[in-house]
Amino acid sequence: MPQRCPSRSAGLRSPELLAVTFLSLLSLAAGWRPWPDHKPNATELAFSGSKKYEGSSEFVHLRYHMGPVLTANITVHIIWYGTWQKTQKRIIRDFINSISAVNSPPPSVAGWWRTVQLYTDQTGRNISRSVRLGQEKADRFYSHGKSLTRLSIQSVIKSAVTAKTRPLPTNPKSGLYLLLTSKDVYVQDFCQNVCGFHYFTFPSIVGYTLPYAWVGNSAKLCPGVCAYPFAVPAYMPGVKPLKSPNGDIGVEGMISVMAHEIAELATNPLVNAWYAGEDPVAPVEIADLCEGIYGTGGGGSYTGQMMNDRDGATFNMNGIRRRFLVQWVWNHVLSYCSGPNALDQ
């Protein structure tokens with residue numbers, strides 16, 4: 001889900017208008033959490049009887065609002081903010097590279113992306129099949145501190161694309177910018193109602209209109225909130241966490257949040273394309289509709305049927321060299337949540 005902003009204009013120039021926009025951006029916080037304690041906004045409440053169930057629903061009216069979607073080959077540029085281990089980076093890189101991998105055994109991450117590809121723009125062109133890892137930028141010295149606001153996140157992106165050495169390329173039509181914060185970094189609203197969000201940068205701050213997403217590593221601050229079901233919050237006594245397939249709970253939780261945000265960036269990059277509800281300030285997007293669903297029968301507090309490897313780790317998709325647990329997304333052709341590990345599709 002994107003952060004909310006009352007203005008969709010990317011070309012604000014007036015300082016007064018910019019200040020109003022910034023204040024509104026700060027007060028209308030939105031984001032996404034994998035489960036189980038999501039606080040819904042008004043638009044989400046309208047779908048509360050239908051959005052969390054894997055079966056079809058006549059109450060969900062996901063519509064196209066004529067805005068652009070990402071039909072050109074998609075390149076994901078990563079900003080590593082803070083301290084990251086090499087093993088953590090490899091897990092995330094492998095996931096992104098798995099989105100377009102053709103040789104992963106089913107059910108695969110590429111099979112999951114095929115549902116995202118069903119979405120089109122006003123000319124009938126589909127979301128691109130090609131998603132590849134682009135350039136990377138490390139900000140290991142915490143250039144903007146260890147406590148970031150939604151606005152300072154845009155400043156971090158600006159630093160990455162305007163750096164004197166090896167700046168990230170700027171390609172608004174096919175580039176996605178993924179800002180990942182390490183476990184010792186706090187971001188505004190993190191662990192409350194936000195594990196990640198997407199939006200687009202303001203030219204008045206960054207110099208370009210670029211679709212971006214932020215996802216935080218919750219291992220230190222709130223694994224029970226943002227790394228569920230590999231960690232369980234204290235208010236759920238008796239519930240055992242699942243074993244993660246790649247041995248890093250914080251990064252494992254990030255994978256599903258990243259998938260959520262990348263799918264929504266592709267289908268709603270400027271927050272004027274594919275979403276449900278009448279309020280573009282608080283849209284319900286293709287991953288929001290399937291929050292917490294990872295397999296057949298999922299809905300309510302049940303994640304759905306998943307798989308276990310020989311070591312007991314839980315997953316639902318195969319990727320390059322690895323297995324992942326990734327939430328499903330809404331299939332507007334079938335009118336229900338869909339994933340490659342479905343038993344009845």
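A cation-pi arrangement is present between Lys89 and Trp80, with the terminal nitrogen or guanidinium carbon under 6.0 Å from the aromatic centre and inside a 45° cone about the axis. Under a cutoff of 6.0 Å and an axis angle of 45°, Arg150 and Phe197 form a cation-pi pair.
His77 places no side-chain N or O within donor-acceptor distance of the main-chain N or O of Leu168, the cut-off being under 3.5 Å. A distance-only check finds a donor-acceptor pair linking the side chain of Thr162 to the backbone of Lys158 [under 3.5 Å]. When atom types are taken as modelled, the side chain of Asp248 and the backbone of Glu252 share no donor-acceptor pair closer than 3.5 angstrom. Distance alone, capped at 3.5 Å, is enough to place a donor-acceptor pair between the Asn126 side chain and the Gln117 backbone. Counting only distance, with no hydrogens or angles, the side chain of Asp121 and the backbone of Arg125 share a donor-acceptor pair below 3.5 Å. No side-chain donor-acceptor contact under 3.5 Å links Asn308 to the backbone of Phe315. With hydrogens and angles ignored, the 3.5 Å screen pairs no side-chain donor or acceptor of Thr71 with any backbone N or O of Ile127. The main-chain N or O of Val131 is found under 3.5 Å from a side-chain atom of Ser100 such that the two form a donor-acceptor pair. Side-chain N or O atoms of Ser182 include one that pairs as donor or acceptor with a backbone N or O of Thr83 at under 3.5 Å. A donor-acceptor contact shorter than 3.5 Å is absent between the side chain of Ser335 and the backbone of Asn331.
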Worked check of ring pair (Phe, Tyr, Trp, His ring centres under 6.0 Å) between His332 and Tyr119: CA-CA 8 Å; His332 73 294; Tyr119 291 86; 4.2 Å; yes

Residues Phe202, Thr209; criterion side chain to side chain contact (heavy atoms under 4.5 Å, CB included); working and verdict: CA-CA 6 Å; Phe202 300 140; Thr209 301; over 6 Å; no

CA sep, side-chain torsions, deciding dist, call: Cys226, Cys191, disulfide bond (SG atoms under 2.5 Å apart): CA-CA 7 Å; Cys226 294; Cys191 299; 5.1 Å; no

From CA spacing to verdict: side chain to side chain contact (heavy atoms under 4.5 Å, CB included), Ser218, Phe190: CA-CA 9 Å; Ser218 65; Phe190 191 22; 4.0 Å; yes

Salt bridge (Lys or Arg N to Asp or Glu O under 4.0 Å) between Arg166 and Glu136, worked out: CA-CA 9 Å; Arg166 298 183 179 179; Glu136 303 176 32; over 6 Å; no

Derivation of the side chain to side chain contact (heavy atoms under 4.5 Å, CB included) call for Tyr275 and Val284: CA-CA 5 Å; Tyr275 64 86; Val284 176; over 6 Å; no

Salt bridge (Lys or Arg N to Asp or Glu O under 4.0 Å) between Lys220 and Asp184, worked out: CA-CA 7 Å; Lys220 181 179 179 180; Asp184 55 346; over 6 Å; no

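For the residue pair His260 / Asp288, a side-chain donor-acceptor distance below 3.5 Å is found, with atom types taken as modelled. Between the side chains of Ser155 and Ser152, no donor-acceptor pair is found at a separation under 3.5 Å.
Residues Tyr64 and Leu265 share a single hydrophobic cluster, defined by chaining ILVMFWY side chains whose heavy atoms lie under 4.5 Å apart. Criterion: ILVMFWY side-chain heavy atoms under 4.5 Å apart, direct or through other members. Under it, Ile293 and Leu118 are not part of a common hydrophobic cluster.
For the pair Ala110 and Ala101, the tightest heavy-atom approach, listed with the atom from each and the gap, is CB-O, 3.2 Å. Nearest heavy atom pair, residue Ser128 against residue Ile74, reads OG-N, 4.1 Å.
In this structure the side chain of Val156 never reaches within 4.5 angstrom of the side chain of Ile153, judged on heavy atoms. Between Glu285 and His198 the shortest side-chain heavy-atom distance falls below 4.5 Å. Taking 4.5 Å as the limit, some side-chain heavy atom of Ile286 sits within range of a side-chain heavy atom of Leu62. With contacts defined as side-chain heavy-atom distances shorter than 4.5 Å, the pair Pro245/Phe230 qualifies. No side-chain heavy atom of Ser174 sits less than 4.5 Å from a side-chain heavy atom of Asn73. Inter-residue side-chain proximity for Lys243 and Ile249 is flagged as unmet; no heavy-atom pair is nearer than 4.5 Å. The shortest side-chain heavy-atom distance between Leu180 and Met258 falls under the 4.5 Å cut-off. Side-chain contact between Leu334 and Tyr336 is present, with at least one heavy-atom pair separated by less than 4.5 Å.
Taken from OG1 in Thr296 to CD in Gln305, the straight-line distance is 6.0 Å, to the nearest 0.5 Å. Put simply, CD on Gln85 and CD1 on Ile91 are 9.0 Å apart, with the number rounded to the nearest 0.5 Å. The line from OG of Ser338 to CH2 of Trp330 is 10.5 Å long, rounded to the nearest 0.5 Å. Taking OG1 of Thr115 as the reference point, atom CH2 of Trp328 lies at 9.5 Å (rounded to 0.5 Å). To the nearest 0.5 Å, atoms OG1 (Thr303) and CG (Leu325) are separated by 7.5 Å. A distance of 8.5 Å separates OG of Ser108 from CE of Met317, quoted to the nearest 0.5 Å.
Under the side-chain contact (heavy atoms from CB on, under 4.5 Å) test applied with Thr170, the options Val161, Val206, Thr201 reduce to a single match, Val161. Considering Tyr186, Tyr142, Trp214 in turn, Trp214 is the only one that fulfils the side-chain hydrogen bond (donor to acceptor under 3.5 Å, both in side chains) rule with Thr181.
The number of heavy atoms from other shown groups lying within 6.0 Å of CG (Asp311) is above 12. Counting non-hydrogen atoms of other residues, nucleotides and ligands closer than 6.0 Å to NZ of Lys183 gives a total of 12 or fewer.
Less than 2.5 Å separates the SG atom of Cys290 from that of Cys337.
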